[in-house]
Amino acid sequence: MDIRTHLAQKRPFLFDGAMGTWYAAQPGRTGQRCELANLDHPDEIAAIHRAYLDSGCQAVKTNTFSAGADLARGEEALSHDIIRTGCAIALEAASHYDALVFADLGPIPGDLPNAGDLYRTQADWFLSAGVTHFLLETLPDDNGVAQLAAYLKAQCPDSFLLVSFAVDAAGVTRSGRQGVELLTAVSQLPGVDAVGCNCVCGPHHLLSYLRTLPALPCPVSIMPNAGYPTVLGRRTFFQGQPDYFAGQLAQLVQSGADIVGGCCGTTPEHIAAAARALAHPVEQ
């Protein structure tokens with residue numbers, strides 16, 4: 001599958017859903033860090049990828065969201081191992097489907113001046129593992145984004161980079177930045193192929209937010225949480241139902257989103273419902 005051709009044909013592109021919250025919902029995994037499961041329980045991570053692929057998504061994310069935090073703490077070997085094994089697991093799962101694998105990079109903790117270097121180091125590891133599509137997600141700011149974008153295009157001109165910010169219902173990130181300003185600035189960077197928002201909000205608020213955005217010069221991605229969390233003991237539950245989530249994703253596409261998917265609390269059932277809804281837009 002070529003994502004650029006797909007998007008040029010004005011067809012919605014559907015990502016998978018959450019890895020972390022879905023992994024934590026598995027028996028005996030509450031409170032365990034899902035990225036370490038690449039090393040300790042690879043079969044469980046592979047099964048989650050396959051469940052999302054079976055649900056009809058067109059891309060899965062590597063189970064590597066927090067590897068950059070390990071690298072920032074100086075744990076280079078652990079970060080590399082998480083990325084190396086995460087890529088192998090995802091690529092093997094996706095090889096049986098017409099689907100892409102995206103390198104999943106979370107934000108570098110704090111306002112480190114070397115964020116760009118840390119992103120570039122991870123990019124080298126992903127590229128070496130055979131992954132050329134990148135999702136930089138849940139960002140509070142644009143620290144290091146320009147450096148990563150330039151580096152990727154220099155190392156792999158055909159790479160695809162999607163940059164996604166986490167905004168609250170008012171459109172503000174946890175660092176106090178206005179999402180619209182970040183989206184506008186980053187969408188104009190050479191080497192950035194798509195921009196958008198994920199996490200923090202459920203689909204209703206991100207739909208409302210999308211409708212306030214100005215036209216951007218590249219494809220737009222929206223990947224909401226299933227809803228808002230309820231904490232019972234040590235378990236966190238998201239109340240958003242799959243059919244409601246799917247209907248909201250269909251409305252997101254009708255309102256201008258080119259790429260959609262799920263963040264915290266979403267499951268293969270949410271993505272399967274979304275795939276059905278996006279396949280029959282006239283019925284929405």
Side-chain angles (χ1 to χ4, degrees), residues 3 13-23 33-35 49 52 57-72 79 82-83 86-87 90 100-109 115-116 118-120 122-123 125-126 131-149 152 159-168 171-175 177 179 182-183 185-187 189 191-203 206 209-210 216 218-226 249 252 257-266 271:
I3 187 171
F13 187 87
L14 180 63
F15 264 80
D16 58 0
M19 173 61 77
T21 54
W22 186 234
Y23 179 75
R33 182 180 164 200
C34 68
E35 290 87 355
H49 285 317
Y52 278 121
C57 70
Q58 293 154 305
V60 293
K61 304 179 291 288
T62 59
N63 181 34
T64 54
F65 175 79
S66 68
D70 297 313
L71 184 59
S79 179
I82 288 171
I83 287 174
C87 289
L100 300 175
V101 171
F102 270 71
D104 190 10
L105 294 87
I108 299 298
L118 297 174
Y119 284 137
R120 286 192 290 258
Q122 292 176 82
W125 293 338
F126 281 114
V131 175
T132 59
H133 295 73
F134 290 77
L135 169 63
L136 188 54
E137 65 160 323
T138 324
L139 300 183
D141 54 45
D142 55 355
N143 186 22
V145 173
Q147 294 94 320
L148 173 63
L152 277 177
S159 63
F160 188 97
L161 175 60
L162 164 56
V163 180
S164 185
F165 297 94
V167 299
D168 62 18
V172 180
T173 72
R174 62 179 171 82
S175 66
R177 300 285 299 276
L182 290 166
L183 291 165
V186 170
S187 68
L189 288 175
V192 171
D193 298 286
V195 297
C197 298
N198 74 287
C199 206
V200 180
C201 289
L206 283 184
Y209 183 65
L210 173 65
L216 296 170
C218 64
V220 174
S221 168
I222 303 290
M223 300 191 204
N225 289 348
L249 256 60
L252 280 161
D258 305 283
I259 300 167
V260 291
C263 205
C264 299
T266 54
I271 300 306

Shortest non-hydrogen separation from A67 to I83 and the atoms involved: CB-CG1, 3.8 Å
Heavy-atom check, side chain of L105 versus side chain of T64, under 4.5 Å: no
Heavy-atom pair with the smallest gap, counting every atom of C264 and C199: SG-SG, 3.8 Å
Side chain proximity check, M223 to I259, heavy atoms < 4.5 angstrom: yes
4.5 Å side-chain heavy-atom contact, R177 and L139: no
Check: A166 main-chain N/O paired with T173 side-chain donor or acceptor under 3.5 Å: no
Validation row: Y209, C197 side chains within 4.5 angstrom (heavy atoms): yes
Gap between atom CZ of F134 and atom CG of L161 - 0.5 Å precision: 8.0 Å
pair L136-S164: side-chain heavy atoms closer than 4.5 Å: no
P203 to A226 - nearest heavy-atom pair and separation: CD-O, 4.0 Å
Euclidean distance, I271 CD1 relative to Y52 OH, rounded to 0.5 Å: 6.5 Å
Note, L100 side chain near F13 side chain (heavy atom, < 4.5 Å): yes
Interatomic spacing from CG in D258 to CG in L252 - rounded to 0.5 Å: 11.0 Å
Shortest non-hydrogen contact between V186 and V145, atoms and distance: CG1-CG1, 4.0 Å
Short side-chain to backbone donor-acceptor contact, T62 and G86, under 3.5 Å: no
Gap between atom OG of S79 and atom CG of L118 - 0.5 Å precision: 9.0 Å
Spatial distance of atom CG (N143) from atom CD1 (I108) [nearest 0.5 Å]: 8.5 Å
Nearest heavy-atom neighbours spanning C201 and V167: SG-O, 3.4 Å
Any E137 side-chain heavy atom under 4.5 Å of S221 side chain: no
Where S175 and P140 come nearest, the two heavy atoms and their spacing: OG-O, 2.5 Å
side-chain contact (heavy atoms from CB on, under 4.5 Å) evaluation trace for T266 with D16: CA-CA 9 Å; T266 54; D16 58 0; over 6 Å; no
Ring geometry between F102 and H133 (parallel below 30°, tilted from 30 to 60°, perpendicular above 60°): tilted
Side-chain heavy-atom pair Y119, Q147 within 4.5 angstrom cut-off: no
Worked verdict on Y23 versus N63 for side-chain contact (heavy atoms from CB on, under 4.5 Å): CA-CA 10 Å; Y23 179 75; N63 181 34; over 6 Å; no
